[in-house]
Amino acid sequence: MAGGPRGGVDGNRDSARIIVLGGGISGLLAAWHLRQRGCPVEVWEASDAPGGWAQTLPWPGPAGEGGYLERGPQGLLVNRDSAVDRLLRDLALDLRPPQPKGPRWLGRAGRRGPSPATLSGLLRTPGLGLAGKLRLLAEPFIPKGTTPDETLQTFFARRLGAGFARELLPAMVAGVLAAPPECLGLEALPRLQRLEARGGLLLGSLRAGPARTRLPVGGTGALARALAERLGCVITRRPVRTLERRPEGGWRVHGEGPVREAAAVVLALPAQVAAELLRPLAPEASRILGAIPRLDLRVWHSRHAMVPGWERGIGLLLHPPEGHGLLGAVSFAADDPRGVPGLLQLRAYVGGAYPVAPALEAWPGLFRELRRWLPELGEAVQVREEACPGAFPLLEPGHGARVARLEADLPPGLHWLGAARFGPGIPDLAEGIAAWAESASGLLVAGRHL
Ligand SMILES: Cc1cc2nc3c(=O)[nH]c(=O)nc-3n(C[C@H](O)[C@H](O)[C@H](O)COP(=O)(O)OP(=O)(O)OC[C@H]3O[C@@H](n4cnc5c(N)ncnc54)[C@H](O)[C@@H]3O)c2cc1C
């Protein structure tokens, strides 16, 4: 990564500079769009590598073989011509061709049934009676919602029926957002609003084209690495400490190393870090940001002997609270270059907004719970736990209004982006940050910014 100037105050050599704080996917995307618009930009990242949660970390196999784990996403769900699709094309990243998928299940009422994530799975899934399945067919005829601050629960009940919202939705939402659908606003999955605007879940999806899981060769972390390399201005081990407003306009950024001056600053930091920085500058914005609940998730990675039939990977979602805090598990395909040949690499999600049974705090208890749903699974040959504190923001109903109030309190030249604003999905972050850059670009006038 690029090294910044060392020692002293840097002065105002480049008054047009924009400093992006945080080198996770949000910060890298913000810098990417600013750079595309000709802005001199620099990214400060506190840790020694860019990517934030989106990193592919080495995890050698039992005999020291090369192997990896994903800190965050295992793949990127990409719609044709979406912001993330355009990004992958612009970066010319090598992508693995789409692979056929192994079995996908939903665990409910002590049994595992087909996952309702596909149409055929939805029609075969137990837990939804004939009336519930017939109700699904009415979805294209349901008009667009008019209630402000709808929850995910009421949205799905309206579009797909109360049976779907009660029996299937909690597991699907827990598996993606680690929280109950009645606590989340539609802003947590902005894609739903876009689909509804295009005719509903079915017609909107048909119009948007199929969504495919795309996987950069080298894992999802390859996206962050490619962005950082192409930008060439990501300074690692450079945590920001405070921001100072210059009387003549613009900002002074204090952190490790020299003080830097900037025309504008973009906060792409974890919400609590951004809230702390904003406290003396924008107390109301800081208060709103600090009040967005953050969910702690724990992820257990494990390697097991391959189970015949699971070579293409598996997916399991559990209906809360039946998993006692275990939300689901997912595995790589056997030929995935991130895995260790011959072994099944699993990861299990625990916690989020759900209480965790004490037995699930350690691997043996978690393994027993996993075996309840996946009896084929043999003992683990390797286990590793990764904590994800605060990784998932809980975007409650009314989030849009909160964001508007927060934005209104920000001083000129200060911007705030990230998962707590756009939702944790990387495709949603990509969409939100592309739209932010588009709207901000009118203000990026020859060195006098934002
Ligand atoms: C286990 C897990 C599974 C996930 N699965 C999926 C999935 O399947 N699909 C999907 O789309 N998304 C998924 N996500 C969510 C997605 O990975 C995140 O929402 C996204 O990566 C957040 O990016 P960000 O840049 O906004 O935040 P972060 O990744 O948190 O980046 C913030 C950056 O700021 C840096 N920073 C902190 N303090 C300072 C400071 N003082 N100065 C400078 N820098 C600082 C941090 O080091 C970090 O690099 C998952 C996340 C997790 C944890």
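Order of appearance sets the numbers: ligands from 1, and atoms from 1 within every ligand.
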I'd like to know if E70 pairs up with R338 as an ion pair, taking the criterion as any Lys NZ or Arg NE/NH1/NH2 lying under 4.0 Å from an Asp or Glu carboxylate oxygen. yes
Is it possible for you to check whether R112 lies under 6.0 Å from the centre of the six-membered ring of W105, through NZ or CZ, and within 45° of that ring's axis? yes
Check: every ligand 1 N/O to protein N/O pair under 3.5 Å:
{"from": "ligand 1", "atom 1": "11 (O)", "to": "I426", "atom 2": "N", "distance (Å)": "2.6"}
{"from": "ligand 1", "atom 1": "19 (O)", "to": "P424", "atom 2": "O", "distance (Å)": "2.6"}
{"from": "ligand 1", "atom 1": "25 (O)", "to": "I25", "atom 2": "N", "distance (Å)": "3.1"}
{"from": "ligand 1", "atom 1": "25 (O)", "to": "S26", "atom 2": "N", "distance (Å)": "2.9"}
{"from": "ligand 1", "atom 1": "25 (O)", "to": "S26", "atom 2": "OG", "distance (Å)": "3.4"}
{"from": "ligand 1", "atom 1": "26 (O)", "to": "S26", "atom 2": "OG", "distance (Å)": "2.6"}
{"from": "ligand 1", "atom 1": "29 (O)", "to": "W53", "atom 2": "N", "distance (Å)": "2.9"}
{"from": "ligand 1", "atom 1": "41 (N)", "to": "V240", "atom 2": "O", "distance (Å)": "3.3"}
{"from": "ligand 1", "atom 1": "42 (N)", "to": "V240", "atom 2": "N", "distance (Å)": "3.0"}
{"from": "ligand 1", "atom 1": "44 (N)", "to": "A46", "atom 2": "N", "distance (Å)": "3.1"}
{"from": "ligand 1", "atom 1": "47 (O)", "to": "E45", "atom 2": "OE2", "distance (Å)": "2.6"}
{"from": "ligand 1", "atom 1": "49 (O)", "to": "E45", "atom 2": "OE1", "distance (Å)": "2.6"}
{"from": "ligand 1", "atom 1": "49 (O)", "to": "E45", "atom 2": "OE2", "distance (Å)": "3.1"}

Lys/Arg N to Asp/Glu carboxylate O, R37 vs E438, below 4.0 Å: yes
Could you check whether any side-chain heavy atom of R312 comes within less than 4.5 Å of a side-chain heavy atom of F332, counting everything from C-beta outward? no
Donor-acceptor pairs under 3.5 angstrom involving side-chain atoms of residues 19-35: please list them, not counting sequence neighbours.
{"from": "R35", "atom 1": "NH1", "to": "L231", "atom 2": "O", "distance (Å)": "3.1"}
{"from": "R35", "atom 1": "NH2", "to": "L231", "atom 2": "O", "distance (Å)": "3.2"}

Does some side-chain heavy atom of L267 sit less than 4.5 Å from a side-chain heavy atom of V265? yes
